[in-house]
Each structure stands twice: as C-alpha cells, then as structure tokens.
Amino acid sequence: MAEQLVIDALQRALVDLTDLSLQAKQYHWNIQGDRFRALHLALDEIVDQVREDLDEVAERISTLGGTPDGRAATVARDSGIGDVAEGTISVADAYKQMESKLMAASERIKSDLEKVDDADSLSGDILVGAARGLEKQAWFLRAAIEK
C-alpha cells in the first residue's frame with residue numbers, strides 16, 4: 001500500500017514535469033518582445049533541468065515496480081499546471097506564466113512530500129530535489145521581471 005502511494009506521487013510529479021518541459025518549449029518557440037533572447041535561453045535551461053528530473057522520477061517509478069506513464073493523453077488529462085495559450089506570447093507574460101507553472105508543479109510535489117518521505121525516503125529525496133530545482137528556476141524568472 002505504501003509503495004503504491006509513493007508510485008502515485010512520483011507519477012503526479014512525472015506528469016507535471018513532462019508538461020513543464022513541453023510548455024517551456026512552446027513558450028521558447030512563440031515568445032516575442034523585449035528581452036526575447038534572455039528568456040529564450042532561460043527556457044532551454046528549464047527544459048534541460050526538468051527533463052533530467054523527470055527521467056530520475058520515471059526511473060524511480062520503475063525501480064519500485066511501477067510503470068511510468070508519460071503519454072501525451074496522460075499528461076493532458078492529469079497535469080496540475082494548466083495549459084499554455086496558443087499563438088504568440090509576449091515575453092513579459094511568458095515570464096510570469098512560466099514562473100507560476102514552475103511554482104504550481106513545486107507546490108504539488110511538496111503536497112506529497114511528507115507521506116512519501118515517511119514511506120520511502122529515497123523517493124522523497126528525488127521529489128525534494130525536483131521541487132528545489134523548480135523553485136530555483138521560478139526565482140530566476142521572478143528576478144528578471146521588471147517591477
């Protein structure tokens with residue numbers, strides 16, 4: 001039972017991380033405006049980190065005997081970060097929206113941490129690392145937003 005609780009929490013993180021990597025690329029391809037290049041490059045860094053974390057999460061699911069599910073239909077159905085608008089996105093809006101999505105994914109991960117850590121501290125460590133990385137990237141974006 002505890003093992004399934006951990007697998008379920010890891011699966012939620014996997015879905016959100018997968019969605020973040022896809023949405024960051026959507027922003028990357030469709031942003032326009034002042035500070036384009038800085039955000040364009042920052043989004044690639046976010047994608048790289050998120051993909052590394054999601055791979056570790058997926059491999060932990062497999063290690064525990066689960067089956068990681070990163071299919072498009074699963075991600076679309078289960079993601080907790082909301083969708084990204086179609087079309088061109090202003091750089092200013094993208095900074096704010098992506099920061100919000102990173103924090104939403106981190107908060108969802110953190111909501112599972114206590115019960116995961118109680119059941120399997122190794123999986124808890126993986127989720128802590130993923131949440132920490134998301135919050136760091138969100139901070140980078142917040143720091144770049146003009147006040």
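Keep in mind that the numbers below use all heavy atoms, side chains included, and drop hydrogens, waters and symmetry copies.
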CG (Leu141) and NZ (Lys136) are apart, to the nearest 0.5 Å, by 12.5 Å
Please round to the nearest 0.5 Å and tell me the distance separating atom CD of Glu59 and atom CG of Asp55. 4.0 Å
Scan for ring-ring contact (aromatic ring centres under 6.0 Å, His included) pairs involving residues 45-93, sequence neighbours excluded, and state none if there are none. none
Mind checking the CD-OG1 spacing from Gln11 to Thr18? Nearest 0.5 Å is all I need. 8.0 Å
Atom pair CG/CD1 of Leu43 and Ile31 - distance to nearest 0.5 Å: 5.5 Å
With hydrophobic residues grouped by side-chain heavy-atom distances under 4.5 Å, do Tyr27 and Ile145 end up in a single group? yes
What pairs meet the ring-ring contact (aromatic ring centres under 6.0 Å, His included) rule with one or both residues in residues 91-142, with sequence neighbours excluded? none
Using side-chain hydrogen bond (donor to acceptor under 3.5 Å, both in side chains) as the criterion, list what pairs up with Glu56, not counting sequence neighbours. none
Can you name the nearest heavy-atom pair linking Lys25 to Asp44, along with the distance? NZ-OD1, 2.8 Å
Shortest non-hydrogen contact from Leu20 to Val50? CB-CG1, 4.1 Å
Does Arg12 have any side-chain hydrogen bond (donor to acceptor under 3.5 Å, both in side chains) partners at least two apart in sequence or in another chain, and if so, which? Asp112
Go through the structure and list residues passing side-chain hydrogen bond (donor to acceptor under 3.5 Å, both in side chains) with Asp48, not counting sequence neighbours. none
Of all heavy-atom pairs between Leu17 and Ala130, which one has the smallest distance, and what is that distance? CD1-CB, 4.5 Å
Could you tell me which residues satisfy side-chain hydrogen bond (donor to acceptor under 3.5 Å, both in side chains) with Asp34, sequence neighbours excluded, listed by chain and number? none
Keeping to residues at least two apart or across chains, list the ring-ring contact (aromatic ring centres under 6.0 Å, His included) pairs with something in residues 38-67. His28-His40, Phe36-His40
Please table the atom pairs, donor to acceptor, closer than 3.5 Å between any side-chain atom in residues 75-89 and protein atoms at least two apart or in another chain.
| residue | atom | partner | partner atom | Å |
| --- | --- | --- | --- | --- |
| Ser79 | OG | Asp19 | OD2 | 2.6 |
| Ser79 | OG | Ile81 | N | 3.3 |

What pairs with Gln49 under side-chain contact (heavy atoms from CB on, under 4.5 Å), at least two apart in sequence or on another chain? Asp53, Gln137
Report whether Val57 and Leu113 are members of the same hydrophobic cluster (ILVMFWY, side-chain heavy atoms less than 4.5 Å apart, transitive linking). yes
Non-hydrogen side-chain atoms of Val6 and Leu64 separated by less than 4.5 Å: yes
Taking only residues two or more places apart in sequence, or in another chain, which ones meet Ala58 in a side-chain contact (heavy atoms from CB on, under 4.5 Å)? Leu14, Pro68
Kindly work out whether a path of hydrophobic side-chain contacts (I/L/V/M/F/W/Y, heavy atoms less than 4.5 Å apart) joins Leu22 to Val15. no
Contacts of Glu107 meeting side-chain contact (heavy atoms from CB on, under 4.5 Å) (sequence neighbours excluded), chain-then-number -> Met103, Lys110, Glu135
If you look at every heavy atom in Met98 and Ala24, which pair is closest and at what distance? CE-CB, 3.7 Å
Distance (rounded to the nearest 0.5 Å) between Asp16 CG and Ser21 OG: 11.0 Å
Show every donor-acceptor pair shorter than 3.5 Å between a side-chain atom in residues 119-128 and any protein atom, with sequence neighbours excluded, or say none if there are none.
| residue | atom | partner | partner atom | Å |
| --- | --- | --- | --- | --- |
| Asp120 | OD1 | Arg60 | NH2 | 3.1 |
| Asp120 | OD1 | Leu122 | N | 3.4 |
| Asp120 | OD2 | Arg60 | NH2 | 2.8 |
| Asp120 | OD2 | Ser123 | OG | 2.4 |
| Ser123 | OG | Arg60 | NE | 2.9 |

